[in-house]
Amino acid sequence: MNEDMRHSQQLIEQFEDCLKHPEKLRTTYFDSEDLNELFRMYLSFGDVNTAEKVAQIAVKLHPDDEDAMLYALNILLEKGQPKKALKWIDEHPLPDTYYAYYLHMWALVDVGDTESANKMAPKVLETIEDDSEYSIVLEVIGNCFMRGDMPQEAIIYFDKAIDAAKSSNDIYNLLMKKVDCLAATNQLDKAISMLDKLNDEDPYNINTWQSKTMMLLQAGRTDEALDAIDYALAIAPSNEVNQILKIRMLIGNKKREEVFEYIDSVRQDLPHMQPLLLMLKGDAAFWEHDYKTANQYYKQGFDKEFFMLDSVIRYIECKIELHRYRSAIKIGKFLMLITPDDPQLLCKMADAHYFSGDRETAKKYLKRAVKIDPYNISIYMQLITLLLDMDELEEAKRLTKRALKFEPQQMYLKLLMAIISYIQNDYKHLVKYFTEACQINETAVDLLEQLCPTAAEFISDLIKEYKKINEDE
């Protein structure tokens with residue numbers, strides 16, 4: 001441990017001892033530099049609450065210190081309260097310092113005031129006294145816009161930082177940030193082109209190949225993404241992250257045989273990941289609807305006490321597809337001990353109970369899922385369909401109307417309202433909702449036939465009668 005690290009550790013221990021024994025604060029003195037270091041360290045640890053305590057002590061001990069005064073503003077921004085931060089700025093005159101202007105810009109970015117934030121950025125730059133810091137400050141400004149979900153603005157400052165940067169390592173890091181911004185603005189072709197240039201300059205940089213893989217996946221160019229990850233693996237064959245990523249990509253491409261072959265080829269490199277590899281084999285079989293094979297691999301992985309939520313939920317679905325409902329419920333109950341509020345798991349538990357004949361318990365699980373994830377339309381549709389099956393029309397109607405407020409152009413919901421109207425002999429609304437569903441998607445006709453043949457037949461008879469009347473005219 002070097003001298004700086006030792007000093008920082010001693011500082012933390014001394015401060016935390018004072019927090020445990022507040023009376024020691026009367027006899028312990030922290031100078032402004034020490035408090036600044038403590039404040040920065042706790043923020044870097046993600047410990048905003050302790051950083052706030054540092055801020056409070058700093059203001060008491062050093063009321064004339066400009067940075068200490070600004071800690072309170074910094075805390076508001078760390079807590080995600082930019083409106084309160086701007087109000088604080090209105091009530092306190094800010095010093096002409098880099099720190100003050102940067103915090104002001106941060107608050108403007110976080111409230112979405114792009115124009116004012118851009119006007120504040122030059123003021124941040126004007127405070128630079130050392131030209132060697134110019135590129136660093138431009139990068140900080142770019143990071144601020146990027147964090148505030150303004151990637152197009154961030155690109156402007158990253159470009160300026162690239163022009164001002166001196167070291168090749170700094171330029172590379174800035175270019176990679178620009179790539180992320182281009183991806184965030186859906187300029188994937190530009191991002192991939194930049195990565196190609198970086199790979200031409202340094203074909204052995206694994207980070208660039210990894211980034212290109214993710215960009216190609218985002219662009220839907222999966223075969224090229226597989227080529228890119230193969231380059232990354234050629235550079236570092238035993239990179240576990242890339243090995244697992246390649247397996248998942250092959251699964252996504254539904255290349256089961258290649259998945260199995262590749263897993264078998266890397267098993268020796270990943271002795272500690274055997275349960276994960278078994279679960280991934282299960283995933284490969286699952287997505288090809290080979291539930292029997294998937295079930296076998298999931299069982300082997302699950303028996304080795306490997307927990308992977310998505311795969312275990314698919315394991316439950318395999319049990320349901322194989323009509324092993326009691327087994328599905330047993331696995332689901334175990335999983336709920338670990339993650340009791342996962343909506344996807346609750347829906348699978350509802351399926352298992354429904355197909356086992358216990359519709360009341362299925363309804364309880366779906367109601368709980370809706371409560372946890374109240375804007376998930378697929379859960380609403382599953383619950384509404386169940387309520388219709390249970391002849392609970394009024395409750396089904398109420399939930400369908402609520403769901404339509406979130407998704408007014410959802411064809412399936414319109415059809416559910418049409419079916420409810422038909423069952424309640426409300427033919428006016430049956431025609432209304434069916435017509436609206438057809439306007440959204442013409443497949444509504446076939447779907448209504450599947451969901452409620454008698455309602456579809458009634459609509460068909462109405463159309464025939466209308467045509468007959470029209471011909472008579």
Side-chain angles (χ1 to χ4, degrees), residues 19 32 35-128 136-158 160-161 177-178 180-181 183-186 341 371-376 402 405-407:
L19 291 181
S32 59
L35 288 167
N36 187 288
E37 184 177 350
L38 282 166
F39 186 73
R40 304 290 167 209
M41 283 193 292
Y42 282 115
L43 287 183
S44 70
F45 302 155
D47 188 350
V48 179
N49 291 332
T50 306
E52 188 170 15
K53 291 173 182 174
V54 175
Q56 291 164 354
I57 292 168
V59 170
K60 288 180 181 178
L61 292 178
H62 307 284
D64 296 326
D65 185 277
E66 290 180 340
D67 282 354
M69 180 191 75
L70 293 169
Y71 293 160
L73 175 58
N74 203 151
I75 290 294
L76 288 172
L77 291 166
E78 289 287 349
K79 287 183 173 182
Q81 299 173 350
K83 290 182 179 178
K84 286 186 178 181
L86 288 173
K87 185 180 178 184
W88 189 97
I89 290 168
D90 287 340
E91 296 170 352
H92 300 80
L94 292 181
D96 295 324
T97 64
Y98 162 78
Y99 187 32
Y101 286 135
Y102 172 72
L103 292 175
H104 195 171
M105 185 186 70
W106 179 358
L108 292 167
V109 167
D110 279 9
V111 296
D113 189 347
T114 310
E115 185 179 351
S116 298
N118 271 316
K119 289 178 180 177
M120 188 59 61
K123 291 186 177 182
V124 177
L125 292 168
E126 285 171 7
T127 62
I128 301 172
I136 297 169
V137 174
L138 284 165
E139 182 180 1
V140 168
I141 294 172
N143 290 339
C144 184
F145 279 107
M146 194 174 178
R147 188 179 59 243
D149 199 23
M150 296 181 185
Q152 198 62 53
E153 307 299 320
I155 288 172
I156 296 168
Y157 293 97
F158 287 144
K160 291 178 179 179
K177 287 184 177 183
K178 182 178 177 180
D180 289 338
C181 288
T185 53
N186 208 29
D341 296 325
K371 190 173 181 180
I372 293 167
D373 192 358
Y375 300 104
N376 190 320
R402 185 201 294 178
K405 289 180 181 178
F406 310 140
E407 290 280 350

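Here the structure is a predicted model, which means the values were calculated and not measured.
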Using a cut-off of 6.0 Å, state whether more than 12 heavy atoms not belonging to Glu91 lie near its atom CD. yes
In terms of heavy-atom contacts, Val48 and Ile75 come closest through O-CD1, 3.9 Å
For the CG atom of Leu86 and the NE2 atom of His104, what is their distance to the nearest 0.5 Å? 5.5 Å
So which heavy atom on Phe145 is nearest to which on Asn118, and how close? CZ-OD1, 3.7 Å
Those residues that, when tested against Glu126, pass salt bridge (Lys or Arg N to Asp or Glu O under 4.0 Å) (two or more places apart): none
Taking side-chain hydrogen bond (donor to acceptor under 3.5 Å, both in side chains) as the definition, give me every residue that meets it alongside Gln152, ordered by chain and number, with sequence neighbours left out. Gln187
Measure the spacing between CD1 of Ile141 and CZ of Phe158 and express it to the nearest 0.5 Å. 10.5 Å
Heavy-atom distance under 4.5 Å between the side chains of Leu94 and Trp88, does that happen here? yes
Non-hydrogen atoms of Ala107 and Ala85 that approach each other most closely: CB-CB, 4.2 Å
Would a 4.5 Å heavy-atom cut-off, applied to side chains only, mark Thr97 and Thr127 as touching? no
In Å and rounded to the nearest 0.5 Å, what is the CG to CD distance from Asn376 to Glu407? 10.0 Å
Only pairs at least two apart or in different chains count here, so list each salt bridge (Lys or Arg N to Asp or Glu O under 4.0 Å) that has a residue in residues 39-53. Glu52-Lys79
Taking all atoms of both residues into account, what is the closest heavy-atom pair of Leu103 and Leu77, and its distance? O-CD1, 3.4 Å
Cut-off 3.5 Å, no hydrogens considered: what does the side-chain donor-acceptor table look like for residues 62-74, sequence neighbours left out?
| from | atom 1 | to | atom 2 | distance (Å) |
| --- | --- | --- | --- | --- |
| His62 | NE2 | Phe30 | O | 2.9 |
| His62 | NE2 | Ser32 | N | 3.4 |
| Asp65 | OD1 | Asp67 | N | 3.0 |
| Asp65 | OD1 | Ala68 | N | 2.7 |
| Tyr71 | OH | Asn36 | ND2 | 3.1 |
| Asn74 | OD1 | Tyr99 | OH | 2.7 |

Any pair counted as salt bridge (Lys or Arg N to Asp or Glu O under 4.0 Å), so long as it reaches residues 93-113, sequence neighbours left out: none
In Å and rounded to the nearest 0.5 Å, what is the CG to CD1 distance from Leu138 to Ile156? 11.5 Å
Looking only at heavy atoms, which two atoms of Val54 and Tyr42 are closest? And how far apart? CG2-CD1, 3.9 Å
Going from CE on Met146 to NZ on Lys178, what distance comes out if it is rounded to the nearest 0.5 angstrom? 12.5 Å
Going by salt bridge (Lys or Arg N to Asp or Glu O under 4.0 Å), name the residues that satisfy it together with Lys371, two or more places apart in sequence or in a different chain. none
From Thr50 atom OG1 to Phe39 atom CZ, the distance as rounded to the nearest 0.5 Å: 11.5 Å
With side chains defined as the heavy atoms from C-beta onward, is the minimum distance between Trp106 and Met120 less than 4.5 Å? no
How about CG on Asp341, more than 12 heavy atoms from neighbouring residues, nucleotides or ligands closer than 6.0 Å, or not? yes
Mind listing the closest non-hydrogen atom pair of Gly112 and Met150 along with its distance? CA-CE, 3.6 Å
